[in-house]
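Report on the structure given below.
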2 protein chains.
Amino acid sequence: MAADVVTAFEPRKMPIQTRATVTVGAICEATIQVLLSHGADRLTTTRVADRAGVSVGTLYQYYPNKRSLLFAVFEDHMEKASQAVEVACADACHKPMSEMIRRVVEAFVDVKMQRADISIALYKVAPDVGGPALVKRTGQRLRKAIEAMLLTAPDLKLSPDRFAIDMMLSAMSGAMRSALEAGASPAMFRKVREHLVLLCQSYMAAATASDN
Amino acid sequence: MAADVVTAFEPRKMPIQTRATVTVGAICEATIQVLLSHGADRLTTTRVADRAGVSVGTLYQYYPNKRSLLFAVFEDHMEKASQAVEVACADACHKPMSEMIRRVVEAFVDVKMQRADISIALYKVAPDVGGPALVKRTGQRLRKAIEAMLLTAPDLKLSPDRFAIDMMLSAMSGAMRSALEAGASPAMFRKVREHLVLLCQSYMAAATASDN
DNA sequence: TCCAAACCTGAAGAATCCTTCATCCAATAT
DNA sequence: ATATTGGATGAAGGATTCTTCAGGTTTGGA
């Protein structure tokens, strides 16, 4: 079942010449733009192709159908966000726990903010593209990275609760989502970042203290 | 602009006879079902009507277009959720702050869980129906209720930060969303509820202590 | 009983959209 | 120079969907 989905979403062909690489890049970028300007339900393959400056046929040379295009853009974004967090996790090993949390949260907020347009655009299609499934997978991946990092914390006696990490991650994405969809200003984002750090720090402290 | 949207979404006619009331109820319920079984992009007015046991024409007698139907269902759900939280806020006045938070969080989790199917279904259409705007409005409404409640807390010296409340609310909805979309079991929901209380309590304590 | 208002029906018009494929252009290797 | 592979085109087929409306059925009061 999952295999079918993946197969159906798999790109049809990889670009070889540089010309084609540019084309594929333009198509992905155009997808974001159309999503932002027209919304998910009025995103058509023709519109995306027009916006990218190519013809529809070209689009279908790389993606077997509309959903696979959306999925590819979505997956790419999640991949980049995951990597940013994983790097932060690796860098924060052996630091005090509150410092770890701070770095992870800041990395997450920053990578989401850096291309806020993509984040916002993708919120609009996630449901139609197996978003929840991909989000779940990414969540597990991030949880492992955070778990590994926390095990190296010098000031942490109890083993960290898996569930608490999931909780923290979902709270993080919830907070970022509403900030992004509200069209928050850069100043506002700094405040969100600050408070999100506080939120995660105080929760993780409480969760590791009174364990069950 | 906002007026246009509201106008375009406004129901076309209110049911008068009980027969019609039943019909409208069936249509709304069918909308949820179709959303769950077919997804947002394959929800058609005909399918909804079939599922409701009426003809398409009947549907268009009450809703001027597809979006207005989706919007109505969405709005109704938000209204109920808001009321549940507001009641909890009213009941928790003059209690200690941690008790206030506990009640609000539990009310929120419970009302979302009670009809988890609706919550999940609506996540799929929110983007196409002015979801963010409605969510924003509801958020402000809830923030006011919580703010008013917190002002009556005997153990709270500093005036509560508006921003912190927004933060708490978005974290709450994020956590609930991922639990719902993951198809969490009742046991899992109890745990989520427990931890979400802890998360909000520890955050609010921290936010009201070190203020800026 | 009888009528007007409320309600329901569902075929069909009109519009939109996804996807294909026959055909042509460009790049690269031989 | 030529063959081969990669890349691009866009009109058109096929399918789906939204929405209407002319005409039928049910309800409730006079």
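Bear in mind that the values here come from a model prediction, so they are computed numbers and not experimental data.
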I need the OH-P distance between A:Tyr63 and D:dA8, as an integer number of Å. 12 Å
Does D:dT17 have OP1 or OP2 sitting under 4.0 Å from an N or O in the side chain of B:Thr44? no
Separation of D:dA8 atom C1' from A:Asp50 atom CG, nearest Å, is 14 Å
Would a distance-only check, ignoring hydrogens and angles, find a side-chain to backbone donor-acceptor pair under 3.5 Å from A:Glu181 to B:Pro132? no
Charged N to carboxylate O under 4.0 angstrom, B:Arg141 versus B:Glu147? no
Categorize A:Leu43 for me: base, sugar-phosphate, or nothing, with a 4.0 angstrom heavy-atom threshold over every strand shown. sugar-phosphate
Does the pair B:His77 and B:Lys112 meet the rule for a side chain to side chain donor-acceptor pair (under 3.5 Å), with working shown? CA-CA 9 Å; B:His77 177 67; B:Lys112 275 287 184 185; 3.2 Å; yes
Any base atoms under 4.0 Å from B:Val56, or only sugar-phosphate, or nothing? Heavy atoms, all strands. base
Here's a test of your reading of the structure: between A:Arg47 and B:Thr23, which maps to the more 5' nucleotide of DNA chain C? B:Thr23
What is the distance from CZ of B:Arg19 to P of C:dC7, rounded to the nearest Å? 7 Å
Quick note, B:Ser55 side chain, CB onward, closest among C:dA27, C:dT9, D:dT19 is C:dT9
Taking only the side-chain heavy atoms of A:Ile16 (C-beta and beyond), determine which of D:dG6, C:dT9, C:dC8 contains the nearest atom. D:dG6
Categorize A:Tyr62 for me: base, sugar-phosphate, or nothing, with a 4.0 angstrom heavy-atom threshold over every strand shown. sugar-phosphate
In terms of side-chain heavy atoms of B:Thr58, which of C:dC8, C:dT19, D:dG7 is nearest? C:dC8
Quickly work out the A:His38 NE2 to C:dC17 P distance and round it to whole Å. 10 Å
Starting at CZ of B:Arg42 and ending at P of D:dT17, how long is that distance when rounded to a whole Å? 8 Å
Of B:Thr18 and B:Tyr60, the one whose nearest nucleotide on DNA chain D sits closer to the 5' end is B:Tyr60
note: A:Gln61, atom CD; D:dG7, atom P; distance rounded to Å ~ 7 Å
Measuring from the side chain of A:Ala20 (C-beta onward, heavy atoms only), which nucleotide among D:dA8, C:dC8, C:dC18 has the closest atom? D:dA8
Rounded to whole Å, the CG-P distance (A:Asn65 to D:dG14) equals 20 Å
Rounding to an integer number of Å, can you tell me how far A:Asp41 CG sits from D:dT16 P? 20 Å
Decide, yes or no, whether a salt bridge links B:Arg103 with B:Glu106 under the criterion of side-chain N to carboxylate O below 4.0 Å. no
With a distance cut-off below 6.0 Å to the six-membered ring centre and an angular limit of 45° from the axis, does B:Arg67 pair with B:Phe9 as a cation-pi contact? no
